[in-house]
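A short worksheet on the structure shown next.
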Amino acid sequence: MDSARNGQVTFDEYGRPFVIIRDEGSKARISGLEAQKTHILAARSVASTLRSSLGPKGLDKMLVSPDGEVTITNDGATILDKMDVQHEIAKLMVQLSKSQDDEIGDGTTGVVVLAGALLQHAERLLDRGLHPIRVADGFEMAAKVALARLDAISEDYPVDLANPEKLIETAMTTLSSKIVNRCHHQFAKIAVDAVLAVADMESKDVNFELIKMDGKVGAKLEDTMLVRGVVLDKDMSHPQMPKSITDAKVAILTCPFEPPKPKTTHKLDVTTVKDYEALRQYEQDKFTEMVQQVKATGANLVMCQWGFDDEANHLLLQHKLPAVRWVGGPEIELIAIATGGRIVPRFSELTADKLGSAGVVREMTFGTTKDRMLVIEECKNSKAVTIFVRGGNKMIIEEAKRSLHDAICVVRNLIRDNRIVYGGGAAEIACALAVSQEADKVSSLEQYAMRSFAEALESIPLALAENSGLPSIASVSEVSARQLKEGNPFLGVDCLQKGTNDMKEQHVLETLIGKKQQISLATQLVKMILKIDDVRGPDV
């Protein structure tokens, strides 16, 4: 019997045969140390991909999607998001990077490199016969020591709205590893100004929806600017309408410029010329009435979410009422916030107090192209800003936007918690030394895991030195020895070769909450991976 090959034939109490299918036979299974090593290998392969992208001299990755779209970036979260990862444990590394990006916005590469290093050292401990749970417990103890050390070496950083230079220095550290590093001071200033413009200093938070990023191919990165208002990828609905309007009173409409139609299914029979003329006159009267209703409120510019036909457009021009059509929903909301206007769903509800106001609404042109954009500036409420990015091609603009997003997140984090630690691997080396000293006081088997944790922490400065073309082991050993001898936790790897290892002098800064999040997330993930010892699936 064919069924007997795939299963077992048996009989119930009434003598009726039935087949038990061997479902487990088609599934693969790995367990014990083999399963843990397979998981560690998968996670380390992801981490090794990102290792060369760490730091100011880190290299970029080119990722090509199945439909031919090319992305060039060194942002860890973007690289992992675009990678086609199949292994379930490797997908956890992708989620780890995304968690860091969602919560902090920066340090997405470092957290994956650290998790990879922890797993590499955990594998050696497993080979020596340590139980995975003891290794995980040792890592947890070491992480607590490292976080306490970070709190001890952190410094308060003044967030002074009148003197934002300190915030700019922190944003510059984030941007130093990005494609925009040749004009990173300008981009850092743009990021800081954008955050301070929309920040709520009482609740110490920033609404990112008020910061819009737009880009246009052409010109140089240096031509990127911050517009204290809104930039629209639209132009005036009629080419003869004015290109610049000062002291604009803006009517923000979500109703179309067209005669009202019955809500139900309807049919209109026009049988004579007289009926057609009457219908045409009715439409024209309705258009004129709508335009007059808008003009009566004192509006001199209309932003309409919907389109309108050529006749309505012509009437708007005749009545000297400039208009912009097909403005998207998010843009309509930003315009309303920036100008202090109200979004009006019906013409009958439009009144003078619902109009928004802006100092200047002007049309921008770009080189020899026919592209035009509208800029709404000098708004009543400046709590809506637009960063307008320029660049030689689309890939550069997209990478510049990602870089600015990281810088904006860092400035936001400083407003939430103004404590900082110093970069260049200084914080990791200081934590590694503290964990090693604490491990000497532990008498149980966890001391081996704690020492391995300390060695894994040094993988960050090692990668920084390696990517900068420095002798990695010699550089990190020298800095560790100096930190221990001088008691200075601000000494790190001189990636930019400025002649000093003091990161405080070099102004290489990182937020404390970002660094603590890196260590916490990496430790949690490694603990979870170590606790998996049995996997069953169709193809493990």
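Checked against side chain to side chain donor-acceptor pair (under 3.5 Å), Thr73 has the following partners two or more places apart in sequence or in another chain: Glu399. Asn393 is linked by a side chain to side chain donor-acceptor pair (under 3.5 Å) to nothing, counting only residues two or more places apart in sequence or in another chain. Looking at residues two or more places apart in sequence or on another chain, you find a side chain to side chain donor-acceptor pair (under 3.5 Å) between Ser237 and Asn313. Applying the side chain to side chain donor-acceptor pair (under 3.5 Å) criterion to Glu222, with sequence neighbours excluded, gives Arg182. For Asp67, the side chain to side chain contact (heavy atoms under 4.5 Å, CB included) partners at least two apart in sequence or on another chain are Ser65, Glu69.
Counted within 6.0 Å of CD1 on Ile473, heavy atoms from surrounding residues, nucleotides or ligands total 12 or fewer; the atom is thus considered open. The number of heavy-atom neighbours closer than 6.0 Å to NZ of Lys401, taken from other residues, nucleotides and ligands shown, is above 12. Within a 6.0 Å sphere centred on NZ of Lys189, other residues, nucleotides and ligands contribute 12 heavy atoms or fewer. By the neighbour-count criterion of 12 heavy atoms within 6.0 Å, atom NZ of Lys98 is sparsely surrounded, having that number or fewer from other residues, nucleotides or ligands.
Between Asp214 and Met373 the shortest side-chain heavy-atom distance falls below 4.5 Å. Between Leu525 and Met93, the closest side-chain pair of non-hydrogen atoms falls below 4.5 Å. Taking 4.5 Å as the limit, every side-chain heavy atom of Leu54 sits out of range of all side-chain heavy atoms of Glu466.
One distance of note links CD of Gln186 with CE of Met172; it measures 12.0 Å at 0.5 Å rounding. Atom CD1 of Ile429 and atom CD of Glu458 lie 6.5 Å apart (nearest 0.5 Å). Note that CD1 of Ile408 is 6.5 Å distant from CZ of Phe208, once rounded to the nearest 0.5 Å.
Electrostatic pairing of Arg402 and Asp406 does not count as a salt bridge here, judged by no charged N lying under 4.0 Å from a carboxylate O. By the 4.0 Å N-to-carboxylate-O rule, Lys243 lies too far from Asp235 to be salt-bridged with it. Electrostatic pairing of Arg419 and Asp417 counts as a salt bridge here, judged by a charged N lying under 4.0 Å from a carboxylate O. In this structure, Glu331 does not pair ionically with Lys234, as no charged nitrogen and carboxylate oxygen lie closer than 4.0 Å.
Pairs of residues two or more places apart, or lying in two chains, that qualify as ring pair (Phe, Tyr, Trp, His ring centres under 6.0 Å) and include a residue from residues 395-426 are Tyr422-Phe490.
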